[in-house]
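The block underneath contains the structure these notes are about, expressed in C-alpha cells.
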Amino acid sequence: MTQVINQTVDINAFYFVGKELKTFPRQIEYGGRAVTFGSGLRLRVEREGRSVFFFHMSALDGETYKLRQDGDEWTLEGVL
C-alpha cells in the first residue's frame, strides 16, 4: 500500500545512466534525514509542451519512493 506524501523535497545528489546521461536522484532530504537510492526507474511524459519525469527509486533502507520532477521542482509523491 502506498503512503501518499505529496511534499516538495530537495535533491542532494544525482547520478547519470547510459549514453544519453539520463539523470536520476541519488539522495533526497525528507523528514529531517537523507534518503539514499541505489537504483530506480524513470518515465518521461510530455505535458503541455514540456517534460515531466516520474521516478520509482529503491532506497538503501528497503523502501521504494515515488518522485516527480516538473521543471526544477521535485515532489515526493509517496512511499511504497
Side-chain angles (χ1 to χ4, degrees):
M1 188 160 136
T2 302
Q3 175 187 357
V4 177
I5 297 171
N6 284 325
Q7 179 180 336
T8 301
V9 294
D10 292 322
I11 307 298
N12 297 338
F14 294 94
Y15 70 96
F16 305 94
V17 175
K19 293 179 183 179
E20 300 91 19
L21 296 176
K22 293 179 181 178
T23 305
F24 287 82
R26 170 65 74 199
Q27 188 178 77
I28 64 170
E29 187 72 31
Y30 169 67
R33 65 185 180 95
V35 177
T36 303
F37 303 118
S39 63
L41 299 172
R42 179 179 106 153
L43 172 68
R44 181 178 139 211
V45 176
E46 290 292 322
R47 184 181 289 174
E48 298 175 3
R50 66 178 200 268
S51 295
V52 177
F53 295 92
F54 296 90
F55 298 84
H56 277 211
M57 302 301 299
S58 297
L60 300 182
D61 66 7
E63 300 284 353
T64 299
Y65 291 75
K66 294 170 58 176
L67 296 154
R68 179 180 72 240
Q69 178 191 16
D70 190 353
D72 291 335
E73 184 173 295
W74 285 82
T75 303
L76 176 58
E77 294 185 331
V79 180
L80 301 177

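Predicted model, so just to flag it, every value in this text is computed and none were measured.
Residues passing the side-chain hydrogen bond (donor to acceptor under 3.5 Å, both in side chains) test with Thr36, sequence neighbours excluded: Gln27. The salt bridge (Lys or Arg N to Asp or Glu O under 4.0 Å) test applied to Arg42 returns no partner, not counting sequence neighbours. Glu48 is linked by a side-chain hydrogen bond (donor to acceptor under 3.5 Å, both in side chains) to nothing, counting only residues two or more places apart in sequence or in another chain. With sequence neighbours excluded, no residue forms a side-chain contact (heavy atoms from CB on, under 4.5 Å) with Leu41. A search for side-chain contact (heavy atoms from CB on, under 4.5 Å) contacts involving Thr64 returns His56, Ser58, Leu80, not counting sequence neighbours. By the ring pair (Phe, Tyr, Trp, His ring centres under 6.0 Å) test, Phe24 pairs with Tyr15, Phe55, sequence neighbours left out. Taking the side-chain contact (heavy atoms from CB on, under 4.5 Å) definition, one finds that Val4 meets it with Asn6, sequence neighbours left out.
Between atom CD1 of residue Ile11 and atom CD of residue Gln69 there is a gap of 8.0 Å, rounded to the nearest 0.5 Å. In this structure, the separation between CD1 on Ile28 and OH on Tyr65 is 6.5 Å, given to the nearest 0.5 Å. Going from atom CG of Leu67 over to atom OH of Tyr30 covers 11.0 Å, rounded to the nearest 0.5 Å.
Listed by first and then second residue, the salt bridge (Lys or Arg N to Asp or Glu O under 4.0 Å) pairs involving residues 15-33 are Arg33-Asp61 (not counting sequence neighbours). Among residue pairs with one or both ends in residues 63-75, those qualifying as salt bridge (Lys or Arg N to Asp or Glu O under 4.0 Å) are Arg50-Asp70, Arg68-Glu77; sequence neighbours excluded.
Donor-acceptor pairing under 3.5 Å is lacking for the side chains of Thr75 and Gln7.
For the pair Thr23 and Phe53, the minimum side-chain heavy-atom distance is 4.5 Å or more.
Taking every heavy atom of both residues into account, Val35 and Ala59 meet most closely at CG1-CB, 3.8 Å. Scanning both residues, Pro25 and Met57, for their nearest heavy atoms gives O-CE, 3.4 Å. Heavy atoms only, all atoms of each residue included: Asn12 and Ala34 are closest at ND2-CB, 4.4 Å.
Residues Leu43, Val52, Phe54 make up the rest of the hydrophobic cluster containing Val45, defined by ILVMFWY side-chain heavy atoms closer than 4.5 Å, directly or through other members.
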